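So you know, we letter chains A, B, ... as the sequences are listed, proteins then strands, and number each from 1. Only a predicted model underlies this, so the values are computations on that prediction, with no experimental measurement involved.
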Amino acid sequence: MLWQLDLVILTLVVATAIGAVAIKDLLGSAILFGAYSFMMCLLWAIMGAVDVAFTEASVGAGVSTVFFVAAVFRTTRRTKD
Amino acid sequence: MSSQYPGLLIIVPLLSALLISVAGWVNKRLCFPIAVVGLSVALYASIGLLLRVLAADPALDGGVVLYRLGGWDPPWGIAYYVDRLNALVLVVVSVSALLNLIATKNDVRESFSTKIGAFYTLYILLVTGLLGITVTGDAFNLYVLLEITALTGYGLIAMGGEYRAPLASLNYVYMGTIGACFYLLGVGYLYMITGSLNMADIASILPGLYDSKVVLAAFVICMVGVWLKMGFFPLHAWLPNAYTYAPSAVSSLIAPLMTKVMIYVMIRLMLTVFTPEFTFSVLALQTSVVWLAVIAIVMGSILALGAPDVKKMLTYIIVAEVGYMVGGAWLGNRAGMTGSILHIANDALMTLCVFLAVGNVVYRVKGYGFDDLRGIFVKMPFTMIGFVAGAFSIIGVPPTCGFFSKWYLISGGIEAGHYGFVAALVFSSLINAVLFFKLIEVGYYGSEDAHHHHGTTPVSMAEAPVSMVVPLLIVAGGLIAVGLYTGDIVARIIDPVIAQTIMD
Amino acid sequence: MKFLGIIVVVITGALLVYTTGDFPSWSDPASPASTHVSPHYIEKGMHETAAPNIVTAVLADYRGFDTLFETTVVFCAGVVCFFLLRIPGRSPFTECQYRHKATGITVRVKHDRKMSGSFGEFERIDTLWTPHDLIIQTACRILIPFIQLFALYVIAHGHHSPGGGFQGGVILGASIILLAISHDLRTALDRLGEKAHAILCSVGVLVYAGTGAVCMVLGFNFLDYGALARILHVDPVMARSHGILVVEVGVGLAVMAALIWIYSNVSSRGNYDEGL
Amino acid sequence: MDIVDIAVAVMVVCGLIFFTGGAVGILRFPDFYSRLHPAGKLDTGGSFFMLGALALFNLEAFSLQTLLVSLKILLIVVFVFLSSPTAIHGIVDAGVRAGLSPWTKGEKRR
Amino acid sequence: MMDRFFLYCAIYLSFLMLLSLYRAILGPTVLDRLIGANAIGSKTAVLLILIGLIYHRVDMFVDIALAYAMLNFIAVLAASRYFQKRKGLFGE
Amino acid sequence: MISIKPLLAVLVSLLVVPILVSSRTPNVREAWTFAAASAKFLIVVSMVPAVLRGEQLVYTVAQVIPGAPIAFRVDPLGMLFALVASSLWIVTTAYSIGYMRGLGEHGQTRYFCFFAIALSSTIGVAFSANLLTLYLFYEILSLATYPLVTHHQDAEARVSGRKYLVYILGTSIGLVLPAMLICYHLSGTLAFSDQGFLAGTGPPQLMTILLFMFVFGFAKAAILPFHGWLPAAMVAPTPVSALLHAVAVVKVGVFSIVRVLTGVFGIELLSWLNLGTIVCVIASCTILIASLIALSQDNLKRLLAFSTIGQLSYIILGVGLLSPKGITGGVLHIAMHAFGKITLFFCAGAIFVATGKRNISEMVGIGRRMPVTMTAFFIGALSITGLPPAGGFLSKWYLGLGTLQADQITMLVVLLVSSLLNAAYFMPIVYRAFFCPAEMAMFENRVQEAPAFCVVPLVLTALISIILLFYPEPFFSLARLVAQGVTGG
Amino acid sequence: MSEIISSVVAHYNYWIYIALMMIGLYAVIGKKNLIKKIIGVNIFQTAIILFYVSIGAKKGATIPIIHHGPGGGHHETTASVIEASQYMNPLPHVLMLTAIVVAVATLGVALALAIKVYNQYGTLEEDEILSRIRVR
């Protein structure tokens, strides 16, 4: 129950999400998406959902970003928007 | 044993899917038999359940079979609720899936030779998901099963070998995921306001909360999610491409069942979770939704007229049919709801019939453009008998079953005084007639150059294999049989379902 | 499309914000969500399942059926990725070059025939060969065993601390993915081949579903681990605890294998030749 | 306010200073290679100080369990020391292979 | 007392994350973003332990942080691998 | 009285379809068709005594919708129609064999199968106990006749097939189905009863709308302006035109309208709301316009088609008069017109088989070469025009009496004028066939009568046409029973 | 002041979840790049997870793992009475574990599909793909 921290991280999360969607480079998007899931992990931890935080940590750090990078590697980084 | 039917219903297909996955790496020839066994057990269990539910006394325990998974009591654990409504849908799903499995055996063996294990695994998992959605009594469990069907569906659709299939499937991924998420969000709202996930439990808590904005939002969000998943008109954009470019063995599974099961979910939400009282009197959405359905029907029919090939045309007809069912359910009277529920079963069967027939044609002719159908009646007479039966059912020619559900839908529209809906139904029947007779004409007349007096140039017969034709003809016969037993189905299965709720 | 998107988003967002007015306030202990079903889990969970981590207890026991299908979803994803991307058969290169690591002798092998026996001593060099990076490889070689050990700990210790089958499985999978990234996909696949992880994936789910089916065979409902008491000769509560453990192991296996499966298909575009 | 608490506070503040330096460095340094320096060194150092302080604080109520936890925190430190340089190395390698030339004085900031 | 101290530390750290995030979002090249993300990652691990201390349940949070520290660099390695495979920094 | 006979009568020709499909030689196939036709006729005949005694045979097949099961009921009106249809099937079968073999048509198996299905549904319409069952068989008939109409599968057939479907299906789905549902919604039942079931259920405006929906909805009755399909459908082989467009299809349309007027609305309601007059006006317009168009036709079959359009409206006119005599006459006209018109069609077909000619202008002097055929044609024409010694006289007579009884002198004038017109378009044909100078005859010596399979049926029907004037039983009794039943007297 | 803060805090999480969800939705509808859309879908899913976890938060409660004796393992050693208000609501956490897993699975499938699309058309931009289809 750390509402002060909660507020700050929530703001960060929104900033990261906007960044991930707005960046005109898919690899950058993928990396920012990784950062986004770090933030989310923190957020779950703050709200006391340790298991969710653990899952998000392992998935976000270990797997989903790697998948994204792999997919971008196999396709293209170019994007118009 | 009979108390374990609901368990068997899901577990045996699931286990068989896993075994198929292993068998695909060990011995590919085992895949098909295991799949058949799995679905047969599911069919057996669903018929057993239907009989049990019919035998149950509605006055005693609500005519509901309850199965507690993990042995925990409902609000805490997950439970299956089987009443007449989902027993009916269960039978329809398992019958269609089994028949389609058998009918498409040759096709699958030829188009997916190296990945046959994976194909059947996904196929059975898809059916498992559909059965689970139908049978579950837990709002969140439904979401998980929804995702199973969706994921397997994405994979199966994209594997068509069609040029546009992956893109269509990817669009389906976006829309399907958003739809499922909306549903999940709605469940979250419900959970927030009631503290429960069990449908029956939610239904018992909700009546005190009808004036809360959250309940309203939950309902609307759930509906939007479900509509997205079923391809209700403004949200249908993903559906035609996805169903068209799927391989024929898959489109004849997904097209009949996926949307119908989603409509079942909608009706379940409307009748069981939110009571009809809430749906129709507290909310002021009724008329607008029916008008939306009218637009869906009209637009679906018009788009079908402009479709470039047979499968696209059929998928737009599905869009229109979804409009039928949504509109019928939202008319807010007994006849409309009866028609809607009846149409779930009927539409599943007739869509299956038509798609199986198209699958047979594709198997032989290797194409589904209108030109590929020239002279098809001579080439594949039995397939076309099935196709024509399905087409008549979709048009609504008695005594095929499509007529009777349309009957109930129209009489619901008249009863509700919603003549726009009635007109839309009639209009769409006419358009369907035009569409199908266009096809029949093409198939009947053969090639253009045969203008001379005594008919067409001779075309040699090239019927699909027996294993593909027989299931098709069974379904075609089933259309008429179901039509003739409409009275029984309505009186014994559908009426009690609606009677449990306060709807007249 | 952008304009339409903005309109849809603004309208939906405004409607949703409008409804938040009636929400119970954040972290209110008296909100319905915290007072109806969940107190039962908190107060009885420990006594009924002997798992102090209530989340694990609910996940694997009370709502074990959800979790079964959650695992199936992962399995599904693996199968779908395989189904979509895998290009069966040999790689398109008819000729491959191998270099003996110790001596530097280059061997040409036709038709991608596997080097028999001491494959580890050779490494493949061809157009797809990736640069040999000593620092990363060494660091990863040191780290990977620890990661795997930790993953096993997470699976086994799911009753008492956060974690469990899924998290452990992800970490296990990630360790192998790390191997594939730091070395080469082929190296990772030499450790855990395609057939192995494909079968392991379904075996993982089978362990889970099989546990439930065993309960069913014993005359209880599906997934009612209390039934295992007869086999394990413990009291039903401990049987539930053990049942949870078995199930978590199944989840871990399935998730690990599925993630490797997805990764190897996605990163190699299905020909299993060269990873990221 | 015993001695351990003070030590912990001092270490934490040290760690925060490191982190601040790292953050400012990442923000302000002119080019990619120079930014690697604060990212690699200061962040690692900051992690070391912070985690060490927290491990120490955790040991205040000494028991077998807290010792275990503290050891785990130290294990994290070990991991950070192993993995952070590796990661930075990977990034440098990538930059070099991507053909990014180092910044020289007088150039525009990148 | 210490709780409050740790809380302010955590808020300060998240402020530092904001600075790194600036680099991650605006960094001219992908590798700059990568550095930013990496910096965020290293702070996250510390923050997790801090939160655990504030909750007085650090034994539960330490596993998460450990897993985090182990896995954090996989993504960075993967992204850097992208360039090692002879793909350019800009465009293809 | 519950009896399975009506169901059997419907099913017997359906059951023979698989046998027809699987039969190897034409002879076997045709033998089976004959057998089915005879069996059907026998079953229908066996029910006549009971119907004449005033009993009704009832059989319920399936309870599909509450108040509207799929059920059969044999009453005098249905009996009359079934008797006509089933007896003429036998004759037509014989004729078809001659015609199809004579021209060496393709797809004969298909032809006989759909013929059997069409007959089944015709009997089904005749025996249906409620509107739903009637609609069911009506639709099946529409669909089963499509392959027959388009039998030649050429461009012309394609166009007329389209026209056929658009008219028939469009009106039945677009008008009859909603009208039926509105009826169901109003009264909760669809079962025909002698007095109708709509009385007192809705406002008069709605009743009028319903009436229009039904009368125009059953487009098989070819009431203007929904007549366009009938001349177009004449591209079909002649036996098809003969049976289906003189007997089955169009008569089903008329029969359905009669059924709806008497069994759904009821005479009382119609006369109370003065709807009978509306029906009469519609019918008389159709009669006059169709006869005028027929005058200008050169193609014999097209002429017959327009004649049919006019004659059908006589029946509706008779019922629309709402007087017992008028109803008797109208109902009797179903039988009389059927025998007369089928004779004419047979003749047209026989001429086509023998000479390959279709147009009237090419038939000058044909009576010399084909005396039997043209004599039969003459008798048929007499019957249609309503002159003795053919059966048509009887029904026209009763129709005339009906107009007097109903005090509708205008309608009597219409009748007389149209009879004159009938004579005006038929008699020149006969005259030119027989009495034109020999030098103008366009035929050489080798033209002679069509094959026996063609000639015998048309002689038979011509004879029956004559016999019916002198011994109109059982049709006359049935028609009287109908009139008694619906007017309650 | 504190009232304003508390009223903001009472709904802040919910507003942010809506904001995230709308970002995701916008990415799905408005962006043309297929992988951007996948990112949008994922953000959408995490927004919903955020919503659920926010439901589960409880003031004055600790994480939902029951304090048990240092020996750990046997349930006999537990404190005899467990108050529901001491621990957070575990149910949303359980649900969201499942949701995260589903999200990962969907991500994998979507990426596989995107690769397949790229193999076929050589681009990831939706408008370019459509123009290529039209040319064909």
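- Between Trp25(B) and Trp261(C), the ring planes lie tilted relative to each other; the angle falls in the 30° to 60° range.
- Proximity to chain B (any heavy atom under 4.5 Å) is shown, for Thr35(C), by neither the backbone nor the side chain.
- Interface residue Thr72(C): backbone and side-chain heavy atoms are both found under 4.5 Å from chain B.
- Across all their heavy atoms, Gly155(B) and Val80(C) have their closest contact at CA-CG1, 3.6 Å.
- Looking at Val79(C) and Thr152(B), their side chains never come closer than 4.5 Å, going by heavy atoms from C-beta outward.
- Proximity to chain C is limited to the side chain of Leu145(B), based on heavy atoms less than 4.5 angstrom apart.
- Between Asn221(C) and Leu69(B), the closest side-chain pair of non-hydrogen atoms is not below 4.5 Å.
- Atoms CD1 and NE2, from Ile193(B) and His36(C) in turn, are 13.0 Å apart once rounded to the nearest 0.5 Å.
- Among residues at least two apart or in separate chains, salt bridge (charged side-chain N to carboxylate O under 4.0 Å, His left out) pairs with a member in residues 65-78 of chain C are Arg63(C)-Asp66(C).
- Ring to ring, Trp76(B) and Tyr62(C) are not that close: their centroids are 6.0 angstrom or more apart.
- Residue contact with chain B, scored on non-hydrogen atoms closer than 4.5 Å, is absent for Tyr225(C).
- Proximity to chain C (any heavy atom under 4.5 Å) is restricted, for Asp201(B), to the side chain, taken from C-beta onward.
- Ring centroid separation for the pair Phe83(C) and Phe112(B) comes in under the 6.0 Å cut-off.
- Contacts between Ile78(B) and chain C at a heavy-atom distance below 4.5 Å involve backbone atoms as well as side-chain atoms.
- For a residue to count as touching a neighbouring chain, one of its non-hydrogen atoms must lie under 4.5 Å from one of that chain's; by this rule Leu216(B) does not touch chain C.
- Put simply, of Leu151(B), Ile20(B), Ile11(B), the one with the most heavy-atom pairs under 4.5 Å next to chain C is Ile11(B).
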Original post:
Would Asp224(C) and Arg68(B) satisfy side-chain contact (heavy atoms from CB on, under 4.5 Å), going step by step from the backbone distance to the final call?
Top reply: CA-CA 9 Å; Asp224(C) 192 344; Arg68(B) 289 185 300 251; over 6 Å; no
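- The minimum heavy-atom distance linking Tyr41(C) with Pro75(B) is given by the pair OH-O, 4.2 Å.
- Residues Phe65(C) and Tyr80(B) place their aromatic rings such that the two centres sit under 6.0 Å apart.
- Here the closest non-hydrogen pair linking Leu15(B) and Gly210(C) is CD2-N, 4.4 Å.
- Contact tally against chain B (heavy-atom pairs below 4.5 Å) for Thr20(C), Thr12(C), Asp61(C), Ile199(C): the top residue is Asp61(C).
- Interface remark: of the candidates Ser169(B), Ala17(B), Gly71(B), Ala150(B), Gly71(B) forms the most heavy-atom pairs closer than 4.5 Å to chain C.
- Distance check: Phe220(C) CZ to Gln4(B) CD gives 11.0 Å after rounding to the nearest 0.5 Å.
- The two residues Leu18(B) and Ala209(C) have their closest heavy-atom pair at CD1-CB, 4.4 Å.
- Using a 4.5 Å cut-off between heavy atoms, Tyr189(B) touches chain C through its side chain atoms alone.
- When every heavy atom of Phe82(C) is checked against every heavy atom of Lys115(B), the shortest pair comes out as O-NZ, 3.6 Å.
- Distance alone, capped at 3.5 Å, places no donor-acceptor pair between the Tyr18(C) side chain and the Lys213(B) backbone.
- When each of Leu185(B), Leu122(B), Val224(B) is scored by its heavy-atom pairs under 4.5 Å with chain C, the top score falls to Leu122(B).
- With a 4.5 angstrom heavy-atom cutoff, Thr114(B) touches chain C only via side-chain atoms.
- The two residues Val22(B) and Ser202(C) make their nearest non-hydrogen contact at CG2-OG, 3.3 Å.
- The parts of Leu156(B) that come within reach of chain C are both its backbone and its side chain, each placing non-hydrogen atoms under 4.5 angstrom from that chain.
- Both the backbone and the side chain of Ser196(B) come within less than 4.5 Å of a heavy atom in chain C.
- No other option in Ala198(C), Gly64(C), Ser31(C) has as many heavy-atom pairs under 4.5 Å with chain B as Ala198(C).
- Annotation: maximal heavy-atom pairing with chain C below 4.5 Å, among Phe119(B), Tyr154(B), Tyr143(B), occurs at Phe119(B).
- Using a 4.5 Å cut-off between heavy atoms, Leu14(B) touches chain C through its side chain atoms alone.
- For the atom pair His40(C) NE2 and Trp72(B) CH2, the distance stands at 6.5 Å (nearest 0.5 Å).
- Among Leu125(B), Thr128(B), Thr136(B), Leu146(B), the one residue that satisfies the side-chain contact (heavy atoms from CB on, under 4.5 Å) test with Phe69(C) is Thr128(B).
- Contact of Leu68(C) with chain B is made through the side chain alone, with heavy-atom distances under 4.5 Å.
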